[in-house]
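All figures in this text were calculated on a predicted structure; none of them were measured in a lab. Values below: all heavy atoms of this structure, side chains included; hydrogens, waters and symmetry mates excluded.
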Amino acid sequence: MKSNFTRFNCMAKLFLSIVIGLLLCTGKQVVAQTRAVYFVGYNSSTASFPKAASGMDGAVVSAGAINYSGLQTVNDNRTVWNNPNSATTLDIGTAPYLSFTITMNGNISLSPDRFVMCGLAEFSSTKLQLRWSVDNFATSLGEFTINGSSYTLSSVDLSSKGVVNVSSIEFRVYFYNASGWVFNSDTGPYSSLDGTPSSYGAYGQNVALWYNSFTTLPLVWNSFTVEENQHEALLKWSTENEVAVAGFSVEHSKDGRVWQSIGYVPADNSAGVNYYSYRDKNPFAGLNYYRLLQTDLDGNKKYSSVSMLSLSEDAPTFILLENPVVSGMLRFRINSPAYVRLYSLTGQLLVEKQFVPGDCSIDVHKMPEGIYSITTGTASRLVLIK
């Protein structure tokens, strides 16, 4: 019996490690029954539409907006709309509706829970039906329960819809059956006739989307190229599925083994494909190696592939790495062994020294502030020492 239990325990640990490994390879999954976005009350006659959402879960939603079509505004300090549609059957081609457009934060796989309307009331048996853009509003997701003139907490259960992988969703609440005012309060709490748990009726909201879980898909490197442009290295790359990415460190190497960070580009974190570029103004003649280090907001890091550039030998043989010089070290790069000379503007030779190819420096911290001339071979540059 003990042997069987040990074998079972080992198998369970193996299964758990495989699941965790798959999650790490495919993205980050967060499971929690929580509110993704909510909207609060307004006076429909004085509010400007589209109207932005009041609260968003930044891990899931990047933007939310409410708009309307066919409904009539009401000058009332409460959230009130007048429904002119008294047709007893719903025709989505002509029926008025409220529109709630929710934009995901990057490429999110979302498992929706409920679409909640916190406090509904009306006097004329108006019906409200929910549909969404996932199926182009073709089918009803459900109807909200209204208890006449008594404010009611109501929702449409979306948990059976499973995982939705879209960049944005538009929910439409269609009005039909009887014309008249419909109230949607953002206070409470209110009782429910359709089994909506009271926890969904928190203060400060009149409409909210809740979710059960979401998965952020891993960043996708679409391309990474390096090309010569006027004796400089022009790096270009594009990505998809950016979620909570801080930015990209640009790293350079002349041998593919020892790397140096030469720049940083912040991430866009916008939906769809993102395009970036970076210009290395001081590449070596010959082979240059480049790679990108992606850093997430949570500290996770991942490297891109390595791209190479072979820079033509007729590239400048002498490049200043700092001008003006404020560090006390005059730094430069040469592509071949050379004597380097530093002159004052009056022509006085101050430094003469032979250097090997690579990044080099001359200590100038004791020299007076001013303009100097540095030469090697036929190349000459003016440099400001501060």
Side-chain angles (χ1 to χ4, degrees), residues 37-54 64-102 114-133 137-158 169-198 200-210:
V37 59
Y38 67 88
F39 302 81
V40 297
Y42 48 83
N43 183 332
S44 62
S45 282
T46 59
S48 298
F49 294 91
K51 181 177 175 62
S54 299
I66 178 176
N67 210 341
Y68 70 99
S69 175
L71 294 171
Q72 298 169 352
T73 61
V74 176
N75 189 12
D76 189 291
N77 288 328
R78 297 166 295 179
T79 305
V80 187
W81 293 91
N82 184 50
N83 168 41
N85 181 26
S86 59
T88 56
T89 57
L90 176 62
D91 179 357
I92 66 170
T94 59
Y97 59 84
L98 287 175
S99 169
F100 300 90
T101 301
I102 297 167
R114 287 177 184 262
F115 192 93
V116 180
M117 301 192 82
C118 183
L120 289 175
E122 48 81 45
F123 298 96
S124 54
S125 302
T126 299
K127 292 184 178 181
L128 275 64
Q129 186 179 112
L130 182 68
R131 298 187 179 217
W132 63 2
S133 58
F137 314 103
T139 58
S140 171
L141 296 171
E143 298 207 353
F144 298 95
T145 301
I146 306 177
N147 186 23
S149 60
S150 298
Y151 284 118
T152 306
L153 172 64
S154 182
S155 67
V156 172
D157 190 345
L158 302 174
I169 304 175
E170 180 188 355
F171 289 91
R172 288 182 182 176
V173 179
Y174 287 94
F175 291 61
Y176 72 109
N177 193 64
S179 59
W181 286 16
V182 177
F183 298 80
N184 186 198
S185 174
D186 61 350
T187 57
Y190 302 114
S191 60
S192 171
L193 299 180
D194 60 10
T196 301
S198 59
Y200 291 88
Y203 290 160
Q205 67 181 53
N206 61 357
V207 175
L209 172 66
W210 292 64

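For the pair A53 and V37, the tightest heavy-atom approach, listed with the atom from each and the gap, is CB-CG2, 3.6 Å. When all heavy atoms of N177 and T88 are compared, the pair lying nearest together is OD1-CA, 3.7 Å. What you find for S45 and T73 is that their closest heavy atoms are OG-OG1, 3.3 Å. Annotation for A178 and T126: closest pair O-OG1, 2.7 Å, computed over non-hydrogen atoms. The heavy-atom pair separating S44 from F49 by the smallest distance is O-CE1, 3.6 Å. Between P50 and N67 the shortest heavy-atom distance is CG-ND2, 3.4 Å.
With N184 contributing its side chain and T79 its backbone, the two residues share no donor-acceptor pair below 3.5 Å. Within the 3.5 Å criterion, the main-chain N or O of F175 finds a donor-acceptor partner in the side chain of N85. Put simply, the side chain of S99 never gets that close to the backbone of Y68: no donor and acceptor are under 3.5 Å apart. Looking at Q205, its side chain does come within 3.5 Å of a backbone N or O of Y200 through a donor-acceptor pair. At least one donor-acceptor pair under 3.5 Å links the side chain of D186 to the backbone N or O of G41. Remark: the backbone N or O of E122 is not paired with any side-chain donor or acceptor of S124 at under 3.5 angstrom.
Atom OG1 of T94 and atom OH of Y174 lie 10.0 Å apart (nearest 0.5 Å). To the nearest 0.5 Å, atom OH of residue Y97 and atom CG of residue L90 are 12.0 Å apart. The CZ atom of R78 sits 10.5 Å away from atom OG1 of T187, with the distance rounded to the nearest 0.5 Å.
Among residues at least two apart or in separate chains, there is no salt bridge (charged side-chain N to carboxylate O under 4.0 Å, His left out) pair with a member in residues 85-98.
In this structure, L158 and F171 have side chains that are in contact, with non-hydrogen atoms separated by less than 4.5 Å. Side-chain contact between V173 and F115 is present, with at least one heavy-atom pair separated by less than 4.5 Å. Considering only heavy atoms from C-beta on, M117 stays 4.5 Å or farther from V182 through its side chain. Residues L128 and L130 are not in side-chain contact: their nearest non-hydrogen atoms beyond the backbone lie 4.5 Å or more apart. F100 is not listed as a side-chain neighbour of L209, based on a closest heavy-atom distance of 4.5 Å or more. Residues L71 and N83 form a side-chain contact, since some pair of their non-hydrogen atoms from C-beta on lies under 4.5 Å apart.
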Worked verdict on S185 versus Y190 for side chain to side chain donor-acceptor pair (under 3.5 Å): CA-CA 10 Å; S185 174; Y190 302 114; 2.8 Å; yes
S154 and D194: CA distance, side-chain angles, deciding distance, side chain to side chain donor-acceptor pair (under 3.5 Å) verdict: CA-CA 6 Å; S154 182; D194 60 10; 2.8 Å; yes
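For the pair R172 and F137, the cation sits on the ring face: its NZ or CZ lies under 6.0 Å from the ring centre, inside 45° of the axis.
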Return all side-chain donor-acceptor pairs below 3.5 angstrom for residues 140-149, not counting sequence neighbours, or 'none' if the list is empty.
| residue | atom | partner | partner atom | Å |
| --- | --- | --- | --- | --- |
| S140 | OG | G142 | N | 3.1 |
| E143 | OE2 | Q129 | NE2 | 2.9 |
| E143 | OE2 | Y176 | OH | 2.5 |

